[in-house]
Amino acid sequence: MNVFNHFQSKLNAELESLSSSGALPAGIDASRAVVEPPRDPSHGDIATNAAMVLAKPAGMKPRDIAEMLAERMRGWDEVTEVEIAGPGFINLRIADAFWRSAVADLLKAGIAYGASGMGKGRKVMVEYVSANPTGPLHAAHARGAIVGDALASLLAKAGFDVLREYYINDAGAQVDTVGRSTYLRYREALGEDIGTIPEGLYPGEYLKEVGEALAKRDGDKWLGKEENEWLPEIRAFAISEIMGWIKEDLGLLGVDMAVYSSEKALVEAGAVDAVMETLEGRDLLYTGVLEPPKGKKPDDWEPRPQRLFKATEFGDDVDRPIQKSDGTWTYFANDIAYHLDKYRRGYADMIDVWGADHGGYVKRMKAAVKAVTGGEGDLDVKLCQLVHLMDGGKPVKMSKRAGTFVTMRDVIDSVGKDVLRFIMLTRRNDQTLEFDFKKVTEQSRENPVFYVQYAHARCHSVLRHAEEALNGADLSGTALASVVLDRLTDPAELGLMKLLLAWPRTVESAAEAHEPHRIAFYLGDVAAAFHGLWNKGKEDTTLRFLVDEDSELTMARLALVRATQTVIASGLDVIGVEPVEELRA
RNA sequence: GACCCCGUAGCUCAGCAGGAUAGAGCAACAGAUUCCUAAUCUGUAGGUCACAGGUUCGAAUCCUGUCGGGGUCGCCA
């Protein structure tokens, strides 16, 4: 249960009742009146701005509304203190017993704690990675993969019906290039000296493997044939090999896509033609000449009539080409068909996770989704900014030309998928991120992965010791849920409890905002509160978790430790990181 | 030239749907270790939230403009 929702509905009920009794004008809009934790804990446990937001529509003074509401709130069972502060905030202090009983619920729920019905089973598709099948995933792909995956888990936790999807760009010029490059490597595998790789083909060594596999399967049957004979077959072969690597890499990262959808299949099924016909029928296409981009050299520019989509009618800055000069559809046209396909499959809510270099593409895609779904579809695009790879403070040199880029697999091999996943969520997605191979594996306060894992391991350590000391007592969450917690009275203990109980709210707000990084930051807060409490016990031994000859207090504290461990595990589960039970240098 | 993202403490960054005295970590300074893992913790100091207007009872947050950094800009995907 989200404790804030609990008080929110109580507040809403009071407002309704005040409305119907005439104390407040009827039909007043109270949607902006919210219950939230105050920034400063000294102001109380929860606060509401209700009096301030209602003052204007009600035509009353905030103070008067506050007085009226406060009077009602004083009657609430859980509340011990109500005060009006500042411009009209109502601050509530909640009885410790309320928090303690909520901790019992937490323990009963276990790792499922924090799950919410907010999404009401609404279908949402998260499309991410979608790297072109031209080579193995490189380090930069990791960020989008992790942000997308964590976001998908987060939405699932918040009660949405989530589909994870990868869009394979297996149509178009790039995969033709892969096919030709593979053909060259195939000839090489059959003993031919191919010299240097010509301009315009992929030089990467990784295609050797594909060429060899092809030679093994087909022998010399493609030698001396015309390109139009071998290209479709070899292209398909290469794509399937490369997609095999990509799926393997995603597996190592813990990413499990439900659907891999093919651009080529979509095109061949006529989906693009169909959409374009529809747009044509709605008079949203026309032939025109685009202005040259002003910052670019006009050398290679010549005005050329093209088939354009009226993106400006849906919020874009210019109309966008949907047809190349050779008459084939642009990538944009295919993408429109793909997004309509998502919508038709029941996903009116779509989230795409893209790299920052696609920023200029967002407006037109949103415009297209609006146009093609009649305003019913909603597309949110999460742009992931660049990742700067560093090693001990120095940038890692990478060159795509020289083929010396760092693959995602290199990174996983070097630091492990858990570290990679966590670090990728320690920044907002639209902020550039520095990834330092040395720092992320350091065992220090500076390293958030370690810090959170250490807190989890400490919980585990305490429980392990306790189990020995108490001769194998049952310290599971369900057992500890029935323990009396009245002896937990220290502010640090209550503070930790309240923080743990904010987990469901964190899930909901992060899901609402589509911001999985908030989970990582929240876990850092939980870890800090726990480490703090731990050290308090170092200074004041009466605060230690295991108290000799006071089993009631010990059990209460163990329940809190178990609750902490549970919430950390639950949070790590959302971001796809394995909690560790032990840390050794 | 246009569009998108960013600009918060010396450094790296949070800041939840506009809320009260803007928060962490690092670095600096002062402390805590016969003890459940000190790989940690406590405290001090550090701010014109780039700048200027606007909306509002209230703005780091929303709007407009300016400056600075990054990304992108027809026939690549």
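Atom set for the values below is all heavy atoms of this structure, side chains included, hydrogens, waters and symmetry mates excluded. Protein chains get the first letters and strands the later ones, always in sequence-line order, with residue 1 at the start of each.
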When the side chains of residues 422-429 of chain A are checked against the rest of the protein, which donor-acceptor pairs come out under 3.5 Å, sequence neighbours left out?
| unit_1 | atom_1 | unit_2 | atom_2 | d |
| --- | --- | --- | --- | --- |
| A:T426 | OG1 | A:I423 | O | 2.6 |
| A:R428 | NH1 | A:D430 | OD1 | 3.2 |
| A:N429 | ND2 | A:L383 | O | 2.8 |

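Taking the six-membered ring where the residue is Trp, A:Y338 and A:Y167 present parallel rings, their angle staying beneath 30° rather than reaching 60°. Relative ring orientation between A:Y522 and A:W503 is described as parallel, the plane-to-plane angle staying below 30° on a 0-90° scale split at 30° and 60°. Between A:H358 and A:Y361, the ring-plane angle classifies as perpendicular under the 30° and 60° cut-offs.
Remark: side-chain polar atoms of A:D170 are not paired, donor with acceptor, to backbone N or O of A:I239 under 3.5 angstrom. Side-chain atoms of A:T441 come within 3.5 Å of backbone N or O of A:F437 as a donor-acceptor pair. In this structure, A:S461 contributes its side chain and A:A457 its backbone to no donor-acceptor pair below 3.5 Å.
Considering only heavy atoms from C-beta on, A:V82 comes within 4.5 Å of A:I90 through its side chain. Between A:R235 and A:K264, the closest side-chain pair of non-hydrogen atoms falls below 4.5 Å. The shortest distance between side-chain heavy atoms of A:L154 and A:R518 does not fall below 4.5 Å. Side chains of A:I351 and A:E127 form no contact here, defined as non-hydrogen atoms less than 4.5 Å apart.
Proximity of the aromatic rings of A:F530 and A:H456 is defined here by a centroid distance below 6.0 angstrom, and this criterion is not met.
Protein atom NZ of A:K536 is 16 Å distant from nucleotide atom C1' of B:U40, rounded to whole Å. Atom CG in A:D540 sits roughly 17 Å away from atom P in B:C35 (whole-Å rounding). When rounded to the nearest whole Å, the span between CG of A:D436 and P of B:G25 equals 21 Å. At whole-Å resolution of the value, CD in A:E36 and P in B:G18 are 10 Å apart. Following rounding to the nearest Å, A:R544 (CZ) and B:U40 (P) show an atom-to-atom distance of 19 Å. Rounded to an integer number of Å, the gap from CZ of A:R143 to C1' of B:G71 is 13 Å. Protein atom OH of A:Y522 is 20 Å distant from nucleotide atom C1' of B:C13, rounded to whole Å. At whole-Å resolution of the value, CG in A:L308 and C1' in B:C75 are 12 Å apart.
Between atom CG of residue A:L15 and atom CG of residue A:L24 there is a gap of 6.5 Å, rounded to the nearest 0.5 Å. The line from CD of A:E442 to CZ of A:F450 is 10.0 Å long, rounded to the nearest 0.5 Å.
Remark: the separation of the P atoms in B:G53 and B:A59 is 14 Å, to the nearest Å. B:A60 sits 15 Å from B:U21 when the C1' atoms are compared, rounded to a whole Å. B:A52 and B:C11 are spaced 28 Å apart, taking the C1' atom of each and rounding to whole Å. The separation of B:G71 from B:C63, taken at their P atoms, amounts to 25 Å, rounded to a whole angstrom. As rounded to the nearest Å, B:G58 and B:A22 have C1' atoms that lie 15 Å from one another.
Mapping A:F545 and A:E446 onto RNA chain B via the closest heavy atom, the residue that lands nearer the 5' end is A:E446. Of the residues near RNA chain B, A:A457 and A:A173, the one whose nearest nucleotide (by heavy atom distance) lies more toward the 5' end is A:A457.
Between A:H358 and B:C4, a side-chain N or O to OP1/OP2 separation shorter than 4.0 Å is absent. Contact annotation: A:R518 side-chain N/O to B:A17 OP1/OP2 distance is under 4.0 Å. Listed pair A:H465 / B:C35 fails the phosphate criterion, with no side-chain N or O lying under 4.0 Å from OP1 or OP2. The phosphate of B:A77 has neither OP1 nor OP2 within less than 4.0 Å of any side-chain N or O from A:W354. Remark: A:Y451 is in phosphate contact with B:C41, judged by side-chain N or O atoms under 4.0 Å from OP1 or OP2.
Salt bridge annotation for A:R557-A:E493: present, with a cationic side-chain nitrogen under 4.0 angstrom from a carboxylate oxygen.
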Contacts under 3.5 Å, N or O only, protein and nucleotides 30-32 of chain B:
none

Restricting both atoms to N or O, compile the protein contacts to nucleotides 56-61 of chain B shorter than 3.5 Å, with distance only.
| unit_1 | atom_1 | unit_2 | atom_2 | d |
| --- | --- | --- | --- | --- |
| B:C57 | OP1 | A:K56 | NZ | 3.0 |
| B:A60 | N6 | A:R39 | NH2 | 3.1 |

Would you list the protein and nucleotides 5-12 of chain B atom pairs, both N or O, that sit under 3.5 Å from each other?
| unit_1 | atom_1 | unit_2 | atom_2 | d |
| --- | --- | --- | --- | --- |
| B:C5 | O2' | A:D430 | O | 3.0 |
| B:U12 | O2' | A:R427 | NH2 | 2.7 |

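Counting only residues at least two apart or in different chains, side chain to side chain donor-acceptor pair (under 3.5 Å) contacts with residues 380-390 of chain A comprise A:D380-A:H514.
The listed nucleotides are B:U37, B:A20, B:A14; the one nearest the side chain of A:N91 is B:A20.
For A:D40 against B:A22, no side-chain N or O and base N or O form a donor-acceptor pair under 3.5 Å.
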Problem set entry | Bracket string, RNA chain B, 5' to 3' - pairs by Watson-Crick or G-U geometry under 3.5 Å, | interstrand | (((((((..((((.....[...)))).(((((.......))))).....(((((..]....))))))))))))....
